Number of protein chains: 2
Amino acid sequence: MAAKKANHDAIRGSLDLMVLSVLAEGPQYGYRILQRLSEVSEGTVDLKPGTLYPMLHRLETDKLIKARWEKESTRPRKWYELTKLGRSRLAEQAREWEHYAKILRQLLEPILRQAPGCSARAT
Amino acid sequence: MAAKKANHDAIRGSLDLMVLSVLAEGPQYGYRILQRLSEVSEGTVDLKPGTLYPMLHRLETDKLIKARWEKESTRPRKWYELTKLGRSRLAEQAREWEHYAKILRQLLEPILRQAPGCSARAT
DNA sequence: CTGCTATATGTAGTCATGCTATATATATAG
DNA sequence: CTATATATATAGCATGACTACATATAGCAG
């Protein structure tokens with residue numbers, strides 16, 4: 001129990017959004033998406049292959065992205081890019097994310113304004 | 001399939017945070033937490049009893065909150081309040097949430113800056 | 001040439017979260 | 001006396017995200 005988790009709960013439900021956002025920068029293949037997410041988050045987002053690839057397959061099934069194999073490179077890569085549906089869905093979800101982020105920030109504001117006292121003993 | 005979901009993916013993984021935040025305002029009982037969340041979100045967060053109560057039980061098991069029955073009111077209510085552990089965990093998770101929110105906002109910024117064109121046909 | 005590391009994609013199996021649906025019980029309003 | 005709001009709770013399910021593992025090749029160090 002209490003097994004260490006790769007990523008924080010806070011990004012649960014936002015992983016699709018993260019991946020789609022990376023693809024909004026342009027077509028990309030899986031391995032690079034992992035690197036890109038690690039890069040923009042300075043290592044704090046540590047998506048594992050076993051999480052990403054099934055995700056990409058799901059997004060493809062949902063027609064939000066489309067894939068194409070590239071065989072000519074040093075080694076085969078599967079490039080993904082947003083479909084039109086994916087692009088509009090991303091925009092929509094981005095706006096919704098902002099909406100909820102605003103609510104949460106409002107709730108968390110008083111907590112964050114306090115001193116970050118780190119004592120943690122059970123009551 | 002594609003059954004309507006009560007809440008948006010964006011808040012997945014942040015529900016604990018929301019509930020703990022409400023309890024940071026002071027002790028509260030379940031039914032009121034639901035109302036409070038609906039209130040601060042202007043109805044957009046629509047937590048169901050079947051989601052909240054098991055959650056409260058879990059948070060109690062984890063010693064983040066503690067419960068006490070109130071039998072003297074018009075009808076029995078179970079009041080919850082943060083433990084010290086819960087309070088520090090909340091502060092910690094709030095800071096972590098902010099961290100990831102910042103990363104996401106950074107990723108979403110270029111998307112949100114664009115016009116919200118809503119055409120959604122598959123490519 | 002051998003073995004290690006980085007690149008690159010993938011599946012299997014598990015667990016926790018959040019959902020719907022349902023159950024129970026009482027106070028209050030019509 | 002019936003319907004609605006209050007108040008808590010459980011059962012069962014879907015799925016997201018995880019760990020662990022499998023596969024394969026390029027490139028480099030020795």
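Values reported hereafter were calculated over all heavy atoms of this structure, with side chains retained and with hydrogens, waters and symmetry mates removed. Letters A, B, ... mirror the listed sequences (proteins, then strands); counts begin at 1. Fair warning: this is a prediction, and the values are worked out from it, not measured in the lab.
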Toward the 5' end of DNA chain D, by each residue's nearest nucleotide, B:His57 or B:Arg75: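 In this pair, the answer is B:Arg75.
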Verdict with supporting geometry, B:Leu107 and A:Glu25, side-chain contact (heavy atoms from CB on, under 4.5 Å): CA-CA 9 Å; B:Leu107 274 166; A:Glu25 297 169 354; 4.0 Å; yes
Have a look at [X] and say if it touches a base, only the backbone sugar-phosphate, or nothing, with a 4.0 Å heavy-atom cut-off.
{"X": "A:Leu52", "answer": "nothing"}
{"X": "A:Thr51", "answer": "base"}
{"X": "B:Gly30", "answer": "sugar-phosphate"}

Expressed as a whole number of angstroms, how long is the span from [X]:[atom1] to [N]:[atom2]?
{"X": "B:Ile65", "N": "D:dT8", "atom1": "CD1", "atom2": "C1'", "answer": "14 Å"}
{"X": "B:Arg58", "N": "C:dA16", "atom1": "CZ", "atom2": "P", "answer": "10 Å"}
{"X": "A:Asn7", "N": "C:dC15", "atom1": "CG", "atom2": "C1'", "answer": "16 Å"}
{"X": "B:Glu70", "N": "C:dT26", "atom1": "CD", "atom2": "P", "answer": "17 Å"}
{"X": "B:Leu56", "N": "D:dA7", "atom1": "CG", "atom2": "P", "answer": "14 Å"}
{"X": "B:Arg77", "N": "D:dT8", "atom1": "CZ", "atom2": "P", "answer": "8 Å"}
{"X": "B:Asp9", "N": "C:dA16", "atom1": "CG", "atom2": "P", "answer": "20 Å"}
{"X": "B:Leu47", "N": "C:dC19", "atom1": "CG", "atom2": "C1'", "answer": "10 Å"}

Measuring to OP1 and OP2 of [N], would you say a side-chain N or O of [X] lies under 4.0 angstrom away?
{"X": "A:Tyr31", "N": "C:dT9", "value": "no"}
{"X": "A:Tyr29", "N": "C:dT9", "value": "no"}
{"X": "B:Lys5", "N": "D:dA14", "value": "no"}

Distance in Å, B:Lys102 NZ paired with B:Glu98 CD, rounded so as to fall on 0.5 Å steps: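 Between atom NZ of B:Lys102 and atom CD of B:Glu98 there are 8.0 Å.
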A:Thr74, nearest nucleotide to its side chain (from D:dA9, D:dG27, C:dT9):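 So the nucleotide nearest the side chain must be D:dG27.
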Any side-chain heavy-atom pair of A:Tyr100 and B:Thr44 under 4.5 Å: yes
Parallel, tilted or perpendicular: ring planes of B:Tyr29 versus B:Trp79, cut at 30 and 60 degrees: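 Because their plane-to-plane angle is over 60°, the rings of B:Tyr29 and B:Trp79 count as perpendicular.
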Which residue lies more 5' along DNA chain C, comparing B:Ile11 with A:Trp69 via nearest heavy atoms: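 Comparing both residues, the 5'-ward one is A:Trp69.
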Atom of A:Lys66, atom of A:Thr83 and distance for their closest heavy-atom approach: N-CG2, 4.0 Å
Distance-only donor-acceptor test (3.5 Å): side chain B:Arg12, base C:dT17: no
